[in-house]
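I have placed the structure first, in the form of structure tokens, so that the comments after it can refer back to it.
These numbers come from a predicted model, not from an experiment.
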Amino acid sequence: MANDFPLVRITLPTGVALDVATAGDPGAPAIILLHGFPESHRTWRHQIPELARTHFVIAPDQRGFARSSKPEGVEAYRPDRPVADLLALADHFGKPRFTLIGHDWGGAIAWMAALNHPDRVERLIILNAPHPLIFQRTLFDDPAQRAASQYIRAFRSPGIDERIAAMGFDAYFAKSFAGHTDPALMAAEKPYYLDQWSQPGALTAMLNWYRASPLIVPAIDEDPPRPAFLEAPFPLLQMPVLVIWAMADAALLPSQLEGLELLVPDLTLVKVPDAAHFVTWEAPDRVNAAMRAFLGD
């Protein structure tokens with residue numbers, strides 16, 4: 001299948017080989033783009049050419065996705081594993097510091113990397129991916145967010161892989177995206193999704209990201225023990241952070257923005273009122289403009 005972005009296969013010391021799209025001058029400041037579920041580097045198809053005008057852009061297909069390695073077992077998808085992939089990828093290109101951009105699961109990894117490795121992340125851009133403290137807190141305290149997140153429990157359930165496969169990827173495509181975006185925006189992209197999802201082991205590997213996460217998602221009527229860290233001091237992010245938030249996201253509600261400025265002192269928040277979860281390609285012009293303004297280009 002034709003691909004707009006030539007991919008290079010990079011074997012990392014973390015034990016995986018990732019397909020990676022690169023663009024721009026390798027000597028320029030680096031930007032690393034981390035996609036989420038159930039996508040690939042193509043999440044960023046409207047951002048890669050724009051950012052490459054001034055930066056060296058690195059956009060991997062993360063472990064478990066598309067044709068990148070799919071290690072067996074849930075443990076291989078614990079959040080610290082893709083964080084390690086990210087740092088190894090930056091090392092591969094000789095980039096000790098970089099701007100990090102993440103959407104959805106890629107955003108979760110980006111938050112974690114910035115919190116744990118602030119010496120590596122010069123600037124952080126997050127698109128519709130909740131801060132880990134706020135997300136866990138709202139799953140206990142915000143009934144609407146708890147209800148909106150029940151899909152995570154479904155994705156973690158045994159046999160969901162087989163049920164989706166039995167449904168067929170074409171039907172899953174219609175079901176998984178029909179409620180999230182304008183189908184016309186997806187028409188040209190559909191063959192890429194179907195090709196990537198149909199790679200051997202891809203469906204289970206993608207779902208293992210949900211299974212491996214320590215996030216507690218209570219059932220609607222459940223009252224589980226409250227994690228102690230929700231009331232404890234939480235480290236602040238010191239680097240400049242841009243959060244772009246599509247306000248029509250049905251899975252991640254506006255409650256994810258409440259109190260964010262207390263955890264991110266150098267915060268720029270850009271709300272996109274009429275876009276849903278997949279904001280990078282639903283509102284690419286506004287996303288690109290917000291990134292450009294934040295990067296100072």
Side-chain angles (χ1 to χ4, degrees), residues 1-22 32-45 58-89 92 102-110 112 129 151-177 180 186 189-215 217 251 277-278:
M1 180 184 298
N3 195 312
D4 296 347
F5 304 102
L7 300 176
V8 293
R9 187 81 168 180
I10 297 176
T11 300
L12 299 175
T14 55
V16 296
L18 304 184
D19 283 348
V20 182
T22 61
I32 302 181
L33 302 168
L34 299 180
H35 68 83
F37 178 94
E39 299 197 289
S40 68
H41 70 281
R42 292 191 59 80
T43 302
W44 310 106
R45 56 192 176 273
I58 303 165
D61 290 338
Q62 297 206 74
R63 63 167 63 203
F65 289 87
R67 287 173 170 77
S68 289
S69 291
K70 300 167 185 63
E72 292 189 9
V74 171
E75 285 292 299
Y77 299 91
R78 287 193 337 239
D80 60 300
R81 305 299 178 86
V83 169
D85 294 343
L86 160 69
L87 299 178
L89 191 61
H92 173 86
H103 171 255
D104 186 79
W105 263 115
I109 299 308
M112 184 173 176
Y151 73 93
I152 297 176
R153 293 176 61 87
F155 281 169
R156 289 172 167 175
S157 65
I160 184 71
D161 327 44
E162 290 83 356
R163 290 194 292 276
I164 293 175
M167 179 194 307
F169 291 120
D170 200 288
Y172 180 66
F173 179 91
K175 183 176 180 180
S176 62
F177 285 108
H180 289 286
M186 294 302 301
E189 201 64 16
K190 181 178 178 178
Y192 292 101
Y193 284 100
L194 299 186
D195 172 68
Q196 291 166 359
W197 296 349
S198 64
Q199 296 307 307
L203 183 57
T204 295
M206 291 191 295
L207 291 170
N208 278 345
W209 281 63
Y210 290 93
R211 295 168 175 144
S213 168
L215 186 72
V217 185
H277 182 69
F278 298 97

Problem - Pairing of D170 and K190 as salt bridge, 4.0 angstrom limit - result: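 Counted as a salt bridge, because a side-chain N and a carboxylate O are separated by less than 4.0 Å.
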For the atom pair [atom1] ([X]) and [atom2] ([Y]), what is the distance rounded to the nearest 0.5 Å?
X	Y	atom1	atom2	value
N208	E75	CG	CD	10.0 Å
R67	L18	CZ	CG	14.5 Å
Y193	S198	OH	OG	14.5 Å
R78	S213	CZ	OG	12.0 Å
R45	Y192	CZ	OH	9.0 Å
R9	D19	CZ	CG	4.5 Å

Exercise for the section: Using ring pair (Phe, Tyr, Trp, His ring centres under 6.0 Å) as the criterion, list what pairs up with F169, not counting sequence neighbours. Expected result: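 Ring pair (Phe, Tyr, Trp, His ring centres under 6.0 Å) check on F169 returns nothing, list empty.
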So which heavy atom on [X] is nearest to which on [Y], and how close?
X	Y	result
M206	F37	CB-CE1, 3.7 Å
D104	H277	OD1-NE2, 2.8 Å
Q196	R42	NE2-CD, 4.3 Å
A129	G107	CB-CA, 3.5 Å
F65	G36	CE2-O, 3.8 Å

Would you say the side-chain atoms of [X] pair up with the backbone N or O of [Y], donor to acceptor, closer than 3.5 Å?
X	Y	answer
S69	A17	yes
Q62	H35	yes
Y77	P71	yes
R63	A76	yes

Handout entry: side chain to side chain contact (heavy atoms under 4.5 Å, CB included) partner of I58, chosen from V20, L34, I10
Key =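 It is V20, the one option of V20, L34, I10 that forms the side chain to side chain contact (heavy atoms under 4.5 Å, CB included) with I58.
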Problem - Proximity of F5 and W44 rings by center, below 6.0 Å - result: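 No, ring centres 6.0 Å or more apart.
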Problem - Test of ring centre spacing under 6.0 Å for Y172 and W197 - result: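 Aromatic pair counts; centres sit under 6.0 Å.
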Exercise for the section: Would you check if there is a donor-acceptor pair between the side chains of S157 and R163 at a distance under 3.5 Å? Expected result: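 A donor-acceptor contact under 3.5 Å links the two side chains.
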Handout entry: W209 and F155: CA distance, side-chain angles, deciding distance, side chain to side chain contact (heavy atoms under 4.5 Å, CB included) verdict
Key = CA-CA 9 Å; W209 281 63; F155 281 169; over 6 Å; no
